[in-house]
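Chain naming here is simple, since letters A, B, ... match the order of the sequence lines and numbering starts at 1 in each.
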Protein chains: 2
Amino acid sequence: MIQSRWKLPILFRLYADPSIRTLQLKRDLPGVSQKMLTAHLRELARDGLIERVDFGEKPLRVEYQMSDMGRQLLPVLIAARRFSTGHPPEADDSSMA
Amino acid sequence: MIQSRWKLPILFRLYADPSIRTLQLKRDLPGVSQKMLTAHLRELARDGLIERVDFGEKPLRVEYQMSDMGRQLLPVLIAARRFSTGHPPEADDSSMA
DNA sequence: CGGCATCCTTTCTGATACTG
DNA sequence: CAGTATCAGAAAGGATGCCG
């Protein structure tokens, strides 16, 4: 459900900020393409992890936020990140003296 | 580090059994190909999550088991699985009355 | 602003055949 | 038994242009 290039970054970004606009999200995820951002946001919303809020305004305004289910998943993601931080990839010494 | 088709199945299988042979692993993961099994086992071992034990016997005998690091990751994986079990995909009612 | 459609490249996976 | 090599297909991802 979260195995796509940008889903974890999106979720962690949404964890840091309760509600966030699409453009801001794009700015905060360097390298993400419009296509993948939308695609992953849609999947996360479909799976119930986040919620898409369309303000129906003009200019367009759409915000995303964690859903209840998403918040339930957060502790797991945070634990995973902690493990990750605690176990960085082995340094590549192939070029060292 | 664990985002590949068979890595979670492998890790959970290794969680259920402390040490297991390659062939047995292949039997217990229906649908896995020889190639992907070997590839993912190698990556997991390289990343330090599992250990490859070559008995140097003939006929060949190789077993895999969790490493200390792998065991540290287990609680996270188990928590993730629990979430997963508790939040199954929405039923598709499109064909129901 | 937010999103969709198209095209293209890269990555992942599987089937098969072969080795010590 | 465990693993490698090669090939072909599927899937994921990215770049670009267009729309309301």
Side-chain angles (χ1 to χ4, degrees), chain A residues 1-14 16-67 70 77 80 89 92, chain B residues 1-14 16-67 70 77 89:
Chain A
M1 205 157 125
I2 55 175
Q3 287 207 352
S4 303
R5 176 70 180 84
W6 297 102
K7 290 193 179 177
L8 286 181
I10 289 171
L11 290 174
F12 276 115
R13 187 61 190 75
L14 252 43
D17 236 311
S19 190
I20 187 171
R21 287 245 250 169
T22 309
L23 185 58
Q24 187 64 39
L25 207 40
K26 181 150 65 171
R27 288 206 189 97
D28 294 343
L29 303 179
V32 71
S33 66
Q34 172 68 54
K35 176 186 171 182
M36 295 319 295
L37 179 61
T38 308
H40 290 167
L41 283 171
R42 279 224 174 316
E43 290 177 13
L44 288 170
R46 170 177 53 76
D47 292 339
L49 289 178
I50 68 175
E51 276 163 16
R52 180 178 186 277
V53 184
D54 188 337
F55 288 80
E57 294 179 2
K58 212 154 181 227
L60 293 184
R61 182 168 166 218
V62 175
E63 299 198 354
Y64 292 91
Q65 44 193 272
M66 281 284 178
S67 68
L77 303 184
D92 179 359
Chain B
M1 205 157 125
I2 57 174
Q3 286 207 354
S4 305
R5 176 70 181 83
W6 298 103
K7 289 193 179 176
L8 286 180
I10 289 171
L11 290 174
F12 277 115
R13 186 62 189 76
L14 252 43
D17 237 311
S19 190
I20 187 171
R21 287 246 251 167
T22 310
L23 185 57
Q24 187 63 40
L25 206 41
K26 181 150 65 171
R27 286 205 189 98
D28 295 343
L29 302 180
V32 71
S33 66
Q34 172 68 55
K35 176 186 171 181
M36 295 318 295
L37 179 60
T38 308
H40 289 167
L41 283 171
R42 279 221 175 313
E43 290 176 13
L44 287 170
R46 170 177 54 76
D47 292 340
L49 290 179
I50 68 174
E51 277 163 14
R52 180 179 186 275
V53 183
D54 188 336
F55 288 79
E57 294 178 3
K58 233 186 154 197
L60 293 184
R61 182 169 167 218
V62 175
E63 300 198 354
Y64 292 90
Q65 44 194 270
M66 281 284 177
S67 69
L77 302 184

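Straight-line distance from the CD atom of B:Gln24 to the P atom of D:dC1: 11 Å, rounded to whole Å. Here C:dG2 presents its C1' atom at 11 Å from CG of A:Leu41, a figure rounded to the nearest Å. B:Leu25 has its CG atom 14 Å from the C1' atom of D:dG3, to the nearest Å. A:Met36 has its CE atom 15 Å from the P atom of C:dT11, to the nearest Å. Rounded to an integer number of Å, the gap from B:Glu43 CD to D:dG3 P is 14 Å. Going from atom CZ of A:Arg61 over to atom C1' of D:dG20 covers 19 Å, rounded to whole Å. Put simply, CG on A:Asp54 is 11 Å from C1' on C:dG3, counting in whole angstrom units. As rounded to whole Å, 14 Å separates atom P of D:dC1 from atom CD1 of B:Ile20.
When the nearest nucleotides of DNA chain D are assigned to A:Lys58 and A:Val32 by heavy-atom distance, the more 5′-ward of the two goes with A:Val32. Two residues, B:His40 and A:Arg27, neighbour DNA chain C, and the one matched to the more 5' nucleotide by heavy-atom proximity is A:Arg27.
Relative to the side chain of A:Pro59, the nucleotides D:dG13, D:dC1, C:dC1 differ in distance, and C:dC1 lies closest. Comparing atom distances between the B:Arg21 side chain and each of C:dG3, D:dT4, D:dA2 picks out D:dA2 as nearest. Ranking C:dG20, C:dG2, D:dG3 by closeness to the A:Val62 side chain, first place goes to C:dG2. Among the nucleotides C:dC1, D:dT4, C:dT13, the one closest to the side chain of A:Leu23 is C:dC1. Listed candidates were C:dC1, C:dG3, C:dT13. Nearest to the side chain of B:Arg5 is C:dT13. Among the nucleotides C:dC4, D:dG3, D:dG20, the one closest to the side chain of A:Gln34 is C:dC4. Comparing atom distances between the B:Thr22 side chain and each of C:dG2, D:dC1, D:dG3 picks out D:dG3 as nearest.
A donor-acceptor pair is defined here as one N or O able to donate and one able to accept, closer than 3.5 Å; no such pair exists between the side chain of A:Asp47 and the backbone of A:Leu49. B:Ser4 places no side-chain N or O within 3.5 Å of a backbone atom of B:Lys7 that could act as its donor or acceptor partner. Of the possible donor and acceptor atoms, one in the side chain of B:Ser67 sits under 3.5 Å from a partner among the backbone N and O of B:Gly48.
Look at A:Arg42 and you'll find a side-chain N or O under 4.0 angstrom from OP1 or OP2 of C:dC4.
A:Lys26 has its side chain within reach of A:Gln34: a pair of non-hydrogen atoms, C-beta onward, lies under 4.5 Å apart.
Here B:Tyr64 lies in heavy-atom contact (under 4.0 Å) with sugar-phosphate atoms only.
Under 4.0 Å is where a charged nitrogen must lie from a carboxylate oxygen, and between B:Arg52 and B:Glu63 no such pair does.
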